[in-house]
Protein chains: 2
Amino acid sequence: MSTPPRRAARGGRRPGDSGTREAIAAAAREHFGQSGYDGTTVRAIAATAGVNPALVLYFYGSKQQLFVDVMRMPFDVAEAVERLVAGDRATIGRRLAAFVLGALDDPQARNVFLGRVRAAAADRDAAATLRGLITGELVGPLVHRLGVDRPELRAGLVSAALFGHVMTRWVVEIDAVVGMTADETLETLGAVLHLQLTGPLGGSADPPDG
Amino acid sequence: MSTPPRRAARGGRRPGDSGTREAIAAAAREHFGQSGYDGTTVRAIAATAGVNPALVLYFYGSKQQLFVDVMRMPFDVAEAVERLVAGDRATIGRRLAAFVLGALDDPQARNVFLGRVRAAAADRDAAATLRGLITGELVGPLVHRLGVDRPELRAGLVSAALFGHVMTRWVVEIDAVVGMTADETLETLGAVLHLQLTGPLGGSADPPDG
DNA sequence: GTCTATAAGCAGATAGAC
DNA sequence: GTCTATCTGCTTATAGAC
């Protein structure tokens, strides 16, 4: 076979690649992160990348596939969970907060998070895949590995705290949240995460220390 | 007088009204709440209401105006704030949680909340008006009337807790959150709101009791 | 790889008959 | 008030030249 157009899984740019594909990916992340799926047009992505709209679909096949390809988590999720679990349990809330806030500081990771949240708010399928990512790869495994009581419930409450931060800081952009110092953000988010991971839970579970 | 087509501000249906207008409004709330602004078509609203698409725009002028008219808070916001402020301060977190959860139990109010959140996630203008509603009418006035320290920051943190609940329970629909009993929901959300309204704040503010 | 040109579909909105 | 018919614009996607 005369070398079909099979893409190398890793190993950097092959001879013949021009970097256009990655320029399109970067532009797509920017637009999806800022405007969501519906609010982003292939034309706008192409314009930002400085290429022709047809080229976007030449590389990625469809807008949907482009979204899937480009909205993968840009870090090793399992490894991040490992590192959090390995650390001091007494500071898990703060360390989880630090990790998430660090990720949100990186424009690429932030745009991935935001793009998926915005898409989830507009589309049930996108909501389902985000739900799967959270419960199956991110927060779910973390709470299970931590060995806390009622792990699913705590994972849900931890997720709520993270969604709350993302929504107020990056989507609705409430002034007081946008204006918080890095320390304040870390402290307040860490406190909530600590509460949800280690605090008492209403209802049935046995509260630690009456 | 030849009664021009001026709409009575209150007092119920005038002779000649058929109820179609309200049927369209109900259908619109349903669709906007479930699918957001972009995901909702005038045609779909008309189909649900059982009328012709042209009739929707005959009554409301444009899709945008329909959204504005129909997404007003279906309860007296100022009065709700008054009632919360008047109650026992020691239970403010729980009472606020109860109020919000009660509103989310009502399909009409829930669809208004959800429609605005989904629209905010896709559109910067919608995000700005939601931000104004939260800081100017809902949470902002509440924390100010409560006389807490650093009211803007606490309002932001309270808003985050509420967004977190709405996102995990109604948008992303994380199983463990959807499956919580009413008591568990009230208890856990109340606890977070209590923390954000009365707990210590990282950084500069003086912590109560070292 | 990159472009031009265009097809095909669906949206919001309008004109006008009844 | 309610409907039919249609206009206009924008979208994703494709065919094919270079």
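Letters A, B, ... are given to chains in the order of the sequence lines, protein chains preceding strands, and every chain is numbered from 1.
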Note, L138(B) side chain near V77(B) side chain (heavy atom, < 4.5 Å): yes

Euclidean distance, atom CZ of residue F59(B) to atom C1' of dT2(D) [Å, nearest integer]: 9 Å

Side-chain heavy atoms of N111(B) within contact of E30(B), under 4.5 Å: yes

Exceeds 12 heavy-atom contacts within 6.0 angstrom, atom NE2 of H31(A): yes

Whether over 12 other heavy atoms sit under 6.0 Å from R124(A) CZ: no

R145(A) atom CZ: more than 12 heavy-atom contacts under 6.0 Å: no

Within 45° cone of Y37(A) ring axis and under 6.0 Å: K63(A) NZ or CZ: yes

Selection: residues 28-41 of chain A, any non-hydrogen atom under 4.0 Å of DNA chain D: T40(A), T41(A)

Gap between atoms CD1 and C1', on I24(A) and dG1(C) respectively (whole Å): 10 Å

Side-chain (S35(B)) to main-chain (F32(B)) donor-acceptor, under 3.5 angstrom: no

Spacing between R21(B) atom CZ and dG1(D) atom P, to the nearest angstrom: 9 Å

Interface with DNA chain D, restricted to residues 45-53 of chain B and to heavy atoms under 4.0 Å: V51(B), N52(B)

Show the distances under 3.5 angstrom between N or O atoms of the protein and N or O atoms of nucleotides 13-18 of chain D.
{"unit_1": "dA13(D)", "atom_1": "OP2", "unit_2": "K63(A)", "atom_2": "N", "d": "2.8"}

d(CD, Q65(B); C1', dA13(C)) in whole Å: 15 Å

Beyond-backbone contact of F59(A) with I24(A), side-chain heavy atoms, under 4.5 angstrom: yes

Atom of T168(B), atom of S159(A) and distance for their closest heavy-atom approach: CG2-C, 4.0 Å

Presence of salt bridge, D149(A) and R154(A), under 4.0 angstrom: yes

